[in-house]
Protein chains: 2
Amino acid sequence: MADFGRLSEHLGYLLHRTELKLISRIAEALAELGVTPARATAVVFIALHEGCDQVELGHALGINRASTMKALDQLVALGAVERRPGRDRRSNALYLTPKGIEMRARIEHITETTDAANFSVLSEDEQTALRSMLQRLHDFDPRQQPEIRPLTHAVSD
Amino acid sequence: MADFGRLSEHLGYLLHRTELKLISRIAEALAELGVTPARATAVVFIALHEGCDQVELGHALGINRASTMKALDQLVALGAVERRPGRDRRSNALYLTPKGIEMRARIEHITETTDAANFSVLSEDEQTALRSMLQRLHDFDPRQQPEIRPLTHAVSD
DNA sequence: TATTGTTATACTCTATAACTATA
DNA sequence: TATAGTTATAGAGTATAACAATA
C-alpha cells in the first residue's frame with residue numbers, strides 16, 4: 001500500500017482498503033455467472049423471500065425504486081428472475097426461475113469458497129472474534145451515544 | 001439488516017456491510033470541507049509527497065491517469081491543490097496551497113474523530129487485534145498459496 | 001392521498017482511446 | 001518508442017422527478 005502516513009493506521013481506512021481487495025476477488029469469482037456482487041445479493045434475497053415485491057428488494061439492497069428496476073431488468077434479462085402478478089394489481093411478486101435457482105446455488109458456493117480462501121490467513125478463533133467485532137461495529141451508532149460530561153458543576157449550561 | 005440467510009454470516013459480507021456504514025459517516029463528516037473520502041485521501045497523499053506527479057498520485061489512489069485528472073481538477077477548483085512545473089516539461093509537480101494545508105489538517109482531525117467514535121464500541125485490546133487482522137487480510141493473497149495436496153501417492157498427475 | 005411500478009433524465013466515478021508535447 | 005498530461009467519449013451505478021395505475 002502506498003504511504004498515507006497516519007491514515008494508514010486508521011482502522012476505518014484499513015477496513016476500507018481491505019474491503020476493496022476482498023470485494024474485487026468476489027466480483028472476479030462471480031463474473032463467470034454474469035453477475036456483480038450486488039446482483040448476486042439480489043438473487044439470494046429473492047430466493048429467501050419468494051414473492052417479495054420490488055420495494056422490499058430495494059430496501060434490502062439499500063437502493064431506491066428506480067435503481068431496483070434497473071437491477072431487476074438485468075436479472076430478468078439473464079433469465080434468473082421473473083416478475084409475476086403480486087398481491088394487488090400495483091405490485092409484482094418476484095421469483096427465481098429454474099436458472100435463477102441454479103444460479104443461487106452457484107453464488108452461495110462461490111462466495112463461501114472465496115470467503116474461506118480470503119479469511120484463511122486468520123485462525124478459527126480469530127475469525128470468531130472478527131465476526132463478533134464486525135457485528136458490533138455494524139450495529140453500533142455513535143450518534144446515539146450520550147455525550148460524556150465532565151463530573152464538575154457547570155456554572156451555566 | 002435485512003435477512004440474507006447464510007450470507008449474513010459470511011465474514012466478507014459482514015465486512016462489506018460494515019464498511020458501507022462507516023464510510024457513509026466519514027463522507028458525511030467530510031462534506032463540510034466539500035470533499036469526498038477519495039478526494040480527502042488525495043489531499044493527504046499530496047501533503048505527504050510534495051511535488052509528486054499525477055501518475056504517482058493516481059497509482060496511490062488506484063485510479064488511472066484520466067480519472068486522476070478529474071479528481072485533481074476538482075481539488076484545484078477548490079483551491080486546495082496547485083500544479084507546478086515538474087521535473088521535466090511533461091510532468092506536473094503537485095503541491096497543497098495554504099488552503100489545502102489547512103484542509104489537510106481538518107481532514108485528519110475529522111477522520112480521526114469519526115474513526116474514534118465509530119470504533120469506540122470495541123475495547124483497546126479489540127482494536128489492536130482488529131488492526132492486526134485487517135493488516136494480514138489486506139496483505140494476504142490466497143492465490144499465491146500452494147494447493148493442499150493429499151498425502152497419498154497419486155497414480156497419475 | 002399514498003403506494004407501486006415505470007420512464008426519462010442527470011450526476012458521479014470510473015475506464016478506454018486518441019491526441020500533444022516531451023523524453 | 002515510451003511517458004505525462006490532456007480531452008472526448010462511454011459505461012455502470014446511483015439518484016430525482018414525474019407519470020399511470022391502483023389502493
Side-chain angles (χ1 to χ4, degrees), chain A residues 16-17 19-21 23-24 26-28 30-31 33-43 45-46 49 51-78 80-95, chain B residues 16-17 19-21 23-24 26-28 30-31 33-43 45-46 49-78 81-95:
Chain A
H16 174 68
R17 298 285 292 212
E19 156 64 9
L20 287 182
K21 271 204 181 176
I23 199 145
S24 75
I26 296 275
E28 202 176 312
L30 287 172
L33 303 181
V35 293
T36 61
R39 298 299 160 264
T41 306
V43 169
F45 184 84
I46 293 169
H49 302 273
C52 72
D53 68 16
Q54 300 186 183
V55 169
E56 289 160 354
L57 175 63
H59 182 258
L61 298 176
I63 57 179
N64 71 8
R65 282 180 300 158
S67 301
T68 306
M69 271 293 300
K70 283 200 177 180
L72 264 177
D73 285 348
Q74 292 176 13
L75 290 174
V76 170
L78 278 174
V81 173
E82 62 181 14
R83 293 169 164 113
R84 297 188 198 161
R87 64 184 178 288
D88 61 40
R89 271 186 279 184
R90 290 175 302 181
S91 67
N92 296 329
L94 304 176
Y95 288 88
Chain B
H16 174 69
R17 298 285 294 212
E19 155 63 9
L20 286 181
K21 269 204 182 177
I23 199 146
S24 77
I26 296 275
E28 201 175 314
L30 287 172
L33 302 182
V35 292
T36 61
R39 297 299 159 269
T41 306
V43 169
F45 184 84
I46 294 169
H49 302 273
E50 285 206 310
C52 70
D53 68 15
Q54 300 185 186
V55 170
E56 289 160 354
L57 174 63
H59 181 259
L61 298 176
I63 57 180
N64 70 8
R65 282 180 299 160
S67 301
T68 305
M69 270 293 301
K70 284 202 177 180
L72 263 178
D73 285 347
Q74 292 175 14
L75 290 174
V76 170
L78 278 173
V81 173
E82 62 181 13
R83 294 170 164 111
R84 297 187 198 162
R87 66 185 177 288
D88 60 39
R89 269 187 280 184
R90 290 176 301 183
S91 66
N92 297 328
L94 304 176
Y95 287 88

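Predicted model only: the values in this text are computed from it and were never measured. To find a chain, count down the sequence lines: A is the first, B the second, and so on, and within it residues start at 1.
- How far CD of B:Glu82 is from CG of B:Asn92: 11.0 Å, rounded to the nearest 0.5 Å.
- In this structure, the side chain of B:Asp73 does not engage the main chain of B:Val76 through any donor-acceptor pair within 3.5 Å.
- Taken to the nearest 0.5 Å, the CZ atom of B:Arg83 stands 7.5 Å off from the CG atom of B:Leu94.
- Atom CD of residue B:Glu19 and atom OG of residue B:Ser24 lie 9.5 Å apart, to the nearest 0.5 angstrom.
- Separation of atoms CD (B:Gln74) and OG1 (B:Thr36) is listed at 7.0 Å; rounding is to 0.5 Å.
- Set against D:dT14, C:dT6, D:dG5, the side chain of B:Met69 has D:dG5 as its closest nucleotide.
- Within the 4.5 Å cutoff, no side-chain heavy atoms of B:Gln54 are placed close to those of B:Arg65.
- Within 6.0 Å of NE2 on A:His49 lie more than 12 heavy atoms contributed by other residues, nucleotides or ligands.
- Between the C1' atom of C:dT4 and the CG atom of A:Asn64 lies a distance of 13 Å, rounded to the nearest Å.
- Within residues 52-60 of chain A, no residue has any heavy atom closer than 4.0 Å to DNA chain D.
- When each of C:dT16, D:dT14, D:dT6 is scored by its nearest atom to the side-chain atoms of B:Asn92, the top-ranked nucleotide is D:dT6.
- Note on the helix from C:dT1-D:dA23 to C:dA23-D:dT1: terminal axis deviation equals 10°, with five pairs used at each end and the result rounded to 10°.
- With rounding to whole Å, B:Leu72 atom CG is found 12 Å from C:dT14 atom P.
- Contact annotation for B:Thr68: no contact, since no heavy-atom pair falls under 4.0 Å across all strands.
- B:Lys70 contributes no side-chain N or O that forms a donor-acceptor pair with the base of C:dT12 under 3.5 Å.
- Contact annotation: A:Arg83 does not reach the phosphate of C:dT4 (side-chain N/O to OP1 or OP2, under 4.0 Å).
- A:Ser91 comes within 4.0 angstrom of sugar-phosphate atoms only, judged by non-hydrogen atoms across all strands, and of no base.
- Contact annotation: the side chain of B:Asp53 never approaches that of B:Thr68 to less than 4.5 Å [non-hydrogen atoms, C-beta and beyond].
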Taking N or O atoms only and anything under 3.5 Å, show me the protein contacts with nucleotides 17-23 of chain C, one pair per line.
{"from": "C:dA23", "atom 1": "OP1", "to": "B:Arg89", "atom 2": "N", "distance (Å)": "3.0"}

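- Between D:dA15 and A:Ser67, a contact under 4.0 Å exists linking OP1 or OP2 to a side-chain N or O.
- Annotation: the span from A:Ser67 atom OG to A:Leu72 atom CG amounts to 11.0 Å, rounded to 0.5 Å.
- Proximity of A:Leu75 to A:Val35: side-chain heavy atoms (C-beta onward) are separated by under 4.5 Å at one or more points.
- Here CD1 of A:Ile46 is found 5.0 Å from CG of A:Leu57. Values are rounded to the nearest 0.5 Å.
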